[in-house]
Amino acid sequence: MFDKIMEAQQKAGEVKKRLDAISVSGSAEGGKITVVANANKVVQSVAIDPDFFKDADKEELEELLLVAINKAMEQADNVSQSEMAAMTQQMFGGLGGLFGK
């Protein structure tokens, strides 16, 4: 049993490293605002088209940043869930679907 726990911890560490290397992004206002994060939900960059500032105000910028960030976090969740499901399938695949899919 201890070996299985150690194996699970090792695989979880491997998944975290993979998620660190996967970039996801979210954008708003037709790509004028883009947020890039990794699949571990760490925001890595924010890009705002300079033309956006010509007509935008503070509130609009804040709202659109939230939209872009939330889209990136949603993609990160999807990737993370897929990676964890794959790891679980590898570890427990022979148990006949006892743990879900």
Side-chain angles (χ1 to χ4, degrees):
M1 184 67 163
F2 184 71
D3 289 341
K4 287 289 187 188
I5 292 171
M6 293 300 292
E7 181 183 355
Q9 287 177 335
Q10 179 183 1
K11 289 204 182 278
E14 292 170 7
V15 168
K16 183 182 182 327
K17 285 181 185 176
R18 280 200 308 268
L19 294 176
D20 280 340
I22 297 172
S23 291
V24 296
S25 65
S27 63
E29 196 65 21
K32 290 186 178 181
I33 296 175
T34 302
V35 174
V36 176
N38 68 26
N40 275 321
K41 297 182 182 180
V42 176
V43 174
Q44 297 173 322
S45 68
V46 175
I48 302 171
D49 185 323
D51 290 337
F52 175 78
F53 292 112
K54 291 179 183 174
D55 299 319
D57 60 16
K58 177 183 179 289
E59 289 79 23
E60 184 179 6
L61 175 60
E62 290 170 346
E63 182 180 313
L64 293 173
L65 275 171
L66 286 174
V67 169
I69 291 168
N70 286 331
K71 286 181 179 181
M73 294 301 110
E74 182 178 337
Q75 284 188 359
D77 271 340
N78 291 340
V79 170
S80 179
Q81 287 175 7
S82 294
E83 289 289 326
M84 293 303 288
M87 181 192 76
T88 303
Q89 180 65 30
Q90 287 175 352
M91 289 184 63
F92 302 110
L95 296 178
L98 183 63
F99 295 102
K101 291 183 179 179

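Predicted model only: the values in this text are computed from it and were never measured.
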A.B. asks: Answer yes if Leu61 and Val67 sit in the same cluster of Ile, Leu, Val, Met, Phe, Trp and Tyr residues linked by side chain heavy atoms under 4.5 Å apart, and no otherwise.
C.D. replies: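 Different clusters.
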A.B. asks: Can any side-chain N or O of Asn40 pair as donor or acceptor with the backbone N or O of Val42 at less than 3.5 Å?
C.D. replies: no
A.B. asks: Kindly indicate, with the supporting measurements, whether the criterion side-chain contact (heavy atoms from CB on, under 4.5 Å) is fulfilled by Lys32 and Ile48.
C.D. replies: CA-CA 6 Å; Lys32 290 186 178 181; Ile48 302 171; over 6 Å; no
A.B. asks: Quick check: does any side chain N or O of Ser80 sit under 3.5 Å from a backbone N or O of Ala76, one acting as donor and the other as acceptor?
C.D. replies: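 Absent.
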A.B. asks: What heavy-atom pair brings Val43 and Ala37 nearest, and what distance separates the two atoms?
C.D. replies: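 Closest approach of Val43 to Ala37, heavy atoms only: CA-CB, 3.9 Å.
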A.B. asks: Out of curiosity, does Val24 fall in the hydrophobic cluster containing Met84 (side-chain heavy atoms, cut-off under 4.5 Å, transitive links)?
C.D. replies: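 As far as the 4.5 Å side-chain criterion goes, Val24 and Met84 are connected within one cluster.
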A.B. asks: Which residue pairs pass the side-chain hydrogen bond (donor to acceptor under 3.5 Å, both in side chains) test when at least one of the two sits in residues 66-75, sequence neighbours left out?
C.D. replies: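 Qualifying pairs, neighbours excluded: none.
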A.B. asks: Just so I know, are the side chains of Asp49 and Ile33 near enough to count as touching, which here means a heavy-atom distance under 4.5 Å?
C.D. replies: no
A.B. asks: Quick one: does Lys17's side chain get under 4.5 Å of Glu14's, heavy atoms only?
C.D. replies: no
A.B. asks: Looking at side-chain heavy atoms only, is the closest gap between Leu19 and Val79 below 4.5 Å?
C.D. replies: yes
A.B. asks: Taking all atoms of both residues into account, what is the closest heavy-atom pair of Ser25 and Thr34, and its distance?
C.D. replies: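 Shortest heavy-atom contact: CB-CG2, 4.4 Å.
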A.B. asks: Could you state whether Leu64 and Val36 fall into the same hydrophobic cluster, counting links through intermediate Ile, Leu, Val, Met, Phe, Trp or Tyr residues with side-chain heavy atoms under 4.5 angstrom apart?
C.D. replies: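 Not linked; separate clusters.
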A.B. asks: When you compare the side chain of Glu7 with that of Lys11, does any pair of heavy atoms fall below 4.5 Å?
C.D. replies: yes
A.B. asks: Below 4.5 Å, heavy atoms only, C-beta onward: do Gln44 and Asn38 meet side chain to side chain?
C.D. replies: yes
A.B. asks: Can you check whether Met73 reaches Val35 side chain to side chain, under 4.5 Å on heavy atoms?
C.D. replies: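 In short, these two side chains do not touch, never coming nearer than 4.5 Å.
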A.B. asks: So if you build clusters from Ile, Leu, Val, Met, Phe, Trp, Tyr with side-chain heavy-atom gaps below 4.5 Å, do Val46 and Phe53 land together?
C.D. replies: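 As far as the 4.5 Å side-chain criterion goes, Phe53 and Val46 are connected within one cluster.
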A.B. asks: Suppose the criterion is side-chain hydrogen bond (donor to acceptor under 3.5 Å, both in side chains): which pairs have a residue in residues 55-65, not counting sequence neighbours?
C.D. replies: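 Only Lys58-Glu62 qualify under side-chain hydrogen bond (donor to acceptor under 3.5 Å, both in side chains).
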